[in-house]
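A quick write-up on the structure given underneath.
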Protein chains: 2
Amino acid sequence: MKRDLDIHVAIIEDDETIREGYAFLIGNTEGYKVVGTYPSYEDAAKRIVKDNPDVILLDVELPGISGIDALPKLKKILPDTHILILTVYEQEMLIFRALGSGAAGYLTKNTPADKIVAAIHEVMEGGGPMSAHIARMVISSFKRNESTPLTRRETEILEQIATGKSRKRIAEELFIDLETVKSHIKNIYHKLNVHSKADAIKAAKDNKFI
Amino acid sequence: MKRDLDIHVAIIEDDETIREGYAFLIGNTEGYKVVGTYPSYEDAAKRIVKDNPDVILLDVELPGISGIDALPKLKKILPDTHILILTVYEQEMLIFRALGSGAAGYLTKNTPADKIVAAIHEVMEGGGPMSAHIARMVISSFKRNESTPLTRRETEILEQIATGKSRKRIAEELFIDLETVKSHIKNIYHKLNVHSKADAIKAAKDNKFI
DNA sequence: GATATATTCCCCCTCTGCGGGTGATTTGCA
DNA sequence: TGCAAATCACCCGCAGAGGGGGAATATATC
């Protein structure tokens, strides 16, 4: 029986128990069909294009090419396929690299079975499923530090500097004198204990002042 | 009967029907207690500190001071209170301003009642609840443009420039000659059709090349 | 093995920008 | 009525930015 209205799912996961567990779970859910399971990216690369999944569940810790490195390659050969990261790792760097490479969602492996199926559905509907802790980390990455030593104007000027603009251009765009901008920058440097643009930007970003 | 183990919730929402609806819903859920409902930030400011909620449901479209502007003020007077945005608006600018000001989550008003209660619980557990579409927008904000005209090295160097570093410093940190950095920058400027640092950074960020 | 493409380095040129010192005025909020 | 914030001024020396041209190695990809 052909089931073309089903959501076609592929799984890339090296642990056979987990891989077959997911395959069983998803394959036995109404509306879902597992079109391929692969223990590594190298294996997936051979068959995944003709298996043509709608959604890929991708592990990050894979033998050979890691899931993180596999992600952009998969997006290249299957541009319209949604990729859901499924991992035990919660390191910020991995998360943001994955999302930057085009992951549609990021789930941890303690996610209960029904939530994984729900996440696949959510991805198809244009959502971005994330585990609770991951979502908080992502949200936190936007949060400014409210206890900045910089005044509003100083913050504004440092933001402009961070876009690469010259002092002269900043002065023009803020309708103030070049000397005023210089004065603000001197105060910024003193407050942040730095002596250059680059160090000021770094200090401010590290402390989420900008 | 005192119920100190309950999660204390406050609601700031100008529409009385919606406000009382939420209050009724949450107040009648085991484990939750509504400690205050206010039609505006100005009203909330008078009583919310002594009401001392664990979680605030905050509307963005409020009369007087908007929810977005109220958020940093609320964080200031109640630093440990989690704030959940509840709104009909899905504009990127509002979302990122809210998250930048310290919102713990962002829900749209079509969120079913049980999900709202679940979101309050999730926030208390360190999660970051978001409506599906919001989550996708947040994730998309991290996504790089895979069809960049820049090479890997050019992208790397442009990223360094965007941190405010001088060409000389970039050369030292990448262990290449200053002339090489200059050469890359010339190529970057040609590819992006710009003639300055600031314009290159802007063009690259607009197109998500960096 | 041939052909692109990426990466590396070299020379020339002008001129603007950057970092730092010191001090003064006006504006707004508590 | 203060104090912090924001504004503008003039000093100095040095490094950096932008643009012209050319050319030698990797490194893929076919």
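Each chain gets a letter, A, B and so on, in the order its sequence line appears, and its residues count up from 1.
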Could you write out each protein N or O paired with an N or O of nucleotides 22-28 of chain D at a distance under 3.5 Å?
none

Next item on the list: Give the angle between the helix axes at the two ends of the helix from C:dG1-D:dC30 to C:dA30-D:dT1, taking five base pairs at each end and rounding to 10°.
Entry: 80°
Notebook entry, point to check: Pairs in or reaching into residues 144-173 of chain B: which pass ring pair (Phe, Tyr, Trp, His ring centres under 6.0 Å), with residues at least two apart or in two chains?
Noted result: none
Counting only pairs under 3.5 Å, give me each side-chain donor-acceptor contact of residues 80-89 of chain B, with atom names and distances, residues two or more places apart or in other chains.
{"residue": "B:Thr81", "atom": "OG1", "partner": "B:Pro53", "partner atom": "O", "Å": "3.0"}
{"residue": "B:Thr87", "atom": "OG1", "partner": "B:Glu61", "partner atom": "OE1", "Å": "3.2"}
{"residue": "B:Thr87", "atom": "OG1", "partner": "B:Tyr89", "partner atom": "N", "Å": "3.0"}

Margin query: Testing the basics here: between A:Tyr32 and A:Ile120, what is the closest heavy-atom pair and its distance to 0.1 Å?
Written below: CE2-CG2, 3.6 Å
Note to self: Need two values: the first and the last nucleotide of DNA chain C, 5' to 3', having an atom under 4.0 Å from any heavy-atom of chain A.
What the structure shows: C:dG17 to C:dT22
Check: Does the side chain of B:Asn145 come under 3.5 Å of the side chain of B:Thr148 through a donor N or O and an acceptor N or O?
Finding: no
Note to self: With a 4.0 Å limit, can you tell me whether A:His184 has a side-chain N or O closer than that to the phosphate oxygens OP1/OP2 of D:dT7?
What the structure shows: yes
Item checked: For DNA chain C, the residues among residues 150-177 of chain A that have a non-hydrogen atom under 4.0 Å from it -> A:Ser166, A:Arg167, A:Lys168
Next item on the list: Mind listing the closest non-hydrogen atom pair of B:Ile48 and B:Ala10 along with its distance?
Entry: CD1-CB, 4.2 Å
Enumerate donor-acceptor pairs with a distance under 3.5 Å from any side-chain N or O in residues 65-73 of chain A to protein atoms, sequence neighbours excluded.
{"residue": "A:Ser66", "atom": "OG", "partner": "A:Ile68", "partner atom": "N", "Å": "3.4"}
{"residue": "A:Ser66", "atom": "OG", "partner": "A:Asp69", "partner atom": "N", "Å": "3.2"}
{"residue": "A:Ser66", "atom": "OG", "partner": "A:Asp69", "partner atom": "OD2", "Å": "3.3"}
{"residue": "A:Asp69", "atom": "OD1", "partner": "A:Arg97", "partner atom": "NH2", "Å": "3.0"}

Notebook entry, point to check: CG of A:Asn187 versus P of D:dC8: gap in Å, rounded?
Noted result: 14 Å
Check: Is B:Glu20 close to B:Thr37 at the side-chain level, that is, under 4.5 Å between some pair of heavy atoms?
Finding: yes
Next item on the list: Determine which pairs satisfy side chain to side chain donor-acceptor pair (under 3.5 Å) with at least one residue from residues 124-136 of chain A, sequence neighbours left out, and list them in order.
Entry: A:Glu90-A:His133, A:Thr108-A:Ser131
Margin query: Measuring only between side-chain heavy atoms, which start at C-beta, is A:Asp14 closer than 4.5 Å to A:Asp59?
Written below: yes
Item checked: From B:Tyr22 atom OH to B:Leu57 atom CG, the distance as rounded to the nearest 0.5 Å -> 7.5 Å
Checklist line | Interatomic distance where NZ belongs to A:Lys182 and C1' belongs to D:dA9 [whole Å] | finding: 10 Å
Notebook entry, point to check: Is B:Lys75 paired with A:Glu146 through a side-chain N to carboxylate O contact shorter than 4.0 Å?
Noted result: no
Note to self: Quick test of your reading: applying side chain to side chain donor-acceptor pair (under 3.5 Å), list the pairs with at least one residue in residues 178-195 of chain B, sequence neighbours left out, ordered by first then second residue.
What the structure shows: B:Glu154-B:Lys191
Item checked: Pairs involving residues 134-182 of chain A, ordered by first then second residue, that meet ring pair (Phe, Tyr, Trp, His ring centres under 6.0 Å) (sequence neighbours left out) -> A:Phe142-B:Phe96, A:Phe142-B:Phe142
Margin query: In the structure I gave you, are the side-chain heavy atoms of A:Pro39 and A:Arg19 within less than 4.5 Å of one another anywhere?
Written below: yes
Next item on the list: Enumerate the residues from residues 191-203 of chain A whose closest heavy atom to DNA chain D is under 4.0 Å, giving them by residue number; use none for an empty result.
Entry: none
Note to self: Once side chain to side chain donor-acceptor pair (under 3.5 Å) is applied, do any residues pair with A:Arg47, and if so which ones, sequence neighbours excluded?
What the structure shows: none
